[in-house]
Amino acid sequence: MRRKDRLLAKAKNNPNSLRFREFETLLSQCGWTFDHQTGSHRIWYSPRGYRLPIQSKRSQAKGYQVREFLRQYEEETINE
């Protein structure tokens with residue numbers, strides 16, 4: 001199983017369990033692009049231009065941001 005697939009499965013099973021670096025790796029491997037950082041917010045864009053600001057919480061990804069990514073990722077992959 002590829003790393004992208006493992007991280008997607010982990011995110012879907014428990015969005016609160018993803019470390020922030022794992023979340024950024026997942027975003028990158030799913031084709032999302034890091035644009036810039038303003039303060040603690042890191043701004044990522046999907047291949048179709050959806051903007052997702054993310055930030056860490058003690059080196060963990062925030063669950064609601066992971067869920068937002070998963071919703072958008074599913075929508076974009078279904079409509080390909």
Side-chain angles (χ1 to χ4, degrees):
M1 185 182 278
R2 296 180 319 173
R3 182 176 176 124
K4 173 185 168 183
D5 297 328
R6 283 195 312 269
L7 288 174
L8 267 173
K10 184 176 181 179
K12 288 177 183 178
N13 290 334
N14 187 358
N16 294 316
S17 70
L18 229 65
R19 300 190 63 72
F20 190 71
R21 289 202 186 270
E22 289 176 323
F23 187 30
E24 287 199 307
T25 298
L26 178 59
L27 287 167
S28 178
Q29 290 186 356
C30 288
W32 290 54
T33 307
F34 173 70
D35 186 58
H36 68 278
Q37 181 167 347
T38 303
S40 63
H41 290 82
R42 297 176 60 83
I43 310 301
W44 286 78
Y45 284 93
S46 75
R48 295 211 177 140
Y50 180 80
R51 181 179 181 268
L52 179 67
I54 63 170
Q55 65 189 92
S56 68
K57 180 180 180 184
R58 293 192 236 8
S59 77
Q60 289 294 116
K62 293 186 176 184
Y64 78 91
Q65 292 172 345
V66 174
R67 286 188 293 276
E68 186 176 345
F69 157 73
L70 290 170
R71 252 189 317 274
Q72 187 62 31
Y73 178 74
E74 292 293 325
E75 185 177 311
E76 289 189 11
T77 54
I78 288 172
N79 295 326
E80 283 186 342

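In this text, all values refer to a predicted model and were calculated from it rather than measured experimentally. When a residue number appears, it is its place in the shown sequence, counting from 1.
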More than 12 heavy atoms of other groups within 6.0 Å of R21 CZ: no
For the OG atom of S46 and the CZ atom of R51, what is their distance to the nearest 0.5 Å? 12.5 Å
Using a strict cut-off of less than 4.0 Å between a Lys/Arg side-chain nitrogen and an Asp/Glu carboxylate oxygen, indicate whether E22 and R6 qualify as a salt bridge. no
Transitive ILVMFWY side-chain link Y50 to F34, under 4.5 Å: yes
Candidate list E76, Q72, E75, test side chain to side chain contact (heavy atoms under 4.5 Å, CB included), partner R48, passing option: E76
Heavy-atom count check: over 12 atoms from other residues, nucleotides or ligands less than 6.0 Å from K57 NZ? no
With L27 as partner, the option from T33, L7, I54 fulfilling side chain to side chain contact (heavy atoms under 4.5 Å, CB included) is I54
Can you list the steps and then say if E68 with K62 is a salt bridge (charged side-chain N to carboxylate O under 4.0 Å, His left out)? CA-CA 10 Å; E68 186 176 345; K62 293 186 176 184; over 6 Å; no
Hey, any chance Y45 and L26 share a hydrophobic cluster, counting ILVMFWY side chains that come within less than 4.5 Å of each other, even indirectly? no
For the pair Q37 (side chain) and G39 (backbone), establish whether a donor and an acceptor sit closer than 3.5 Å, ignoring hydrogens and angles. yes
Verdict with reasoning, N16 to R67, per side chain to side chain contact (heavy atoms under 4.5 Å, CB included): CA-CA 9 Å; N16 294 316; R67 286 188 293 276; 4.2 Å; yes
What's the spacing between L18 CG and T25 OG1 if we round to 0.5 Å? 9.0 Å
Where do F69 and W44 land on the side chain to side chain contact (heavy atoms under 4.5 Å, CB included) test, with the steps shown first? CA-CA 10 Å; F69 157 73; W44 286 78; over 6 Å; no
Short side-chain donor-acceptor distance under 3.5 Å, R19 and Q60: yes
Closest heavy-atom pair and its distance - H41, Q55: NE2-OE1, 2.5 Å
If I compare all heavy atoms of V66 with all of A11, which pair ends up nearest, and what's the gap? CG1-CB, 3.8 Å
Taking all non-hydrogen atoms of both residues, which atom of C30 and which atom of P47 are closest, and how far apart? O-CG, 4.2 Å
Atom CZ in R42, atom CG in L52: separation rounded to 0.5 Å? 12.0 Å
